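Take a look at the structure below.
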Amino acid sequence: MRIATFKSYKKGYYTFWFENGEELVFEDVHPRVLKQYDLKNNTELIDQEFRLTFVEDVDGDDVYYRVESLKPIAV
């Protein structure tokens, strides 16, 4: 798990910024996560920190990232 801040959802892509300054754009989020957190529509989730787990899928030369789990970090 890595700590990441949710920054945006635009045109099917979910953007998170990680604690090391890295930005990663995810094309897919596990349906269980989307059921828990409405990342597409809930603007209150923007700038919220999460513990995030993801997987990397390679299809030929293309690499896809999928969010597998999100757990909010208590403030």
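In this chain, residues are counted from 1 in sequence order. Since the model is a prediction, treat every value here as computed from it, not as a measurement.
Going from atom OH of Tyr9 over to atom CG of Leu34 covers 8.5 Å, rounded to the nearest 0.5 Å. Interatomic distance, Arg2 CZ to Leu52 CG, rounded to the nearest 0.5 Å: 8.5 Å. Rounded to the nearest 0.5 angstrom, Thr15 OG1 and Lys7 NZ are separated by 10.0 Å. Distance check, rounded to the nearest 0.5 Å: CD of Glu56 to OH of Tyr64 gives 12.5 Å. Remark: Arg32 CZ to Leu70 CG distance equals 9.5 Å, nearest 0.5 Å. Here NE2 of His30 is found 12.0 Å from OG1 of Thr53. Values are rounded to the nearest 0.5 Å.
When ring centroids are compared, Phe50 and Tyr37 come within the 6.0 Å threshold.
Side-chain contact between Phe26 and Leu39 is absent, with no heavy atoms from C-beta onward closer than 4.5 Å. Counting heavy atoms from C-beta on, the side chains of Ile3 and Arg51 come closer than 4.5 Å. Between Tyr14 and Asp28 there is no side-chain heavy-atom pair separated by less than 4.5 Å.
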Verdict with supporting geometry, Phe18 and Thr5, side-chain contact (heavy atoms from CB on, under 4.5 Å): CA-CA 6 Å; Phe18 290 88; Thr5 303; over 6 Å; no
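Applying the 6.0 Å contact sphere to CD of Glu44 captures no more than 12 heavy atoms from other residues, nucleotides or ligands.
Under a hydrophobic-cluster definition in which Ile, Leu, Val, Met, Phe, Trp and Tyr are linked whenever side-chain heavy atoms come within less than 4.5 Å, directly or via other members, Leu24 and Ile46 are assigned to the same cluster. Hydrophobic clustering keeps Val25 apart from Tyr65 (ILVMFWY residues linked when any side-chain heavy atoms are closer than 4.5 Å, directly or through intermediates). Tyr13 and Trp17 are members of different hydrophobic clusters when ILVMFWY side chains are connected at heavy-atom separations under 4.5 Å.
Contact between Ala4 and Glu19 at its shortest, heavy atoms only, is N-OE1, 4.4 Å.
Asp57 and Arg66 are not joined by a salt bridge, as no carboxylate oxygen comes within less than 4.0 angstrom of a charged side-chain nitrogen.
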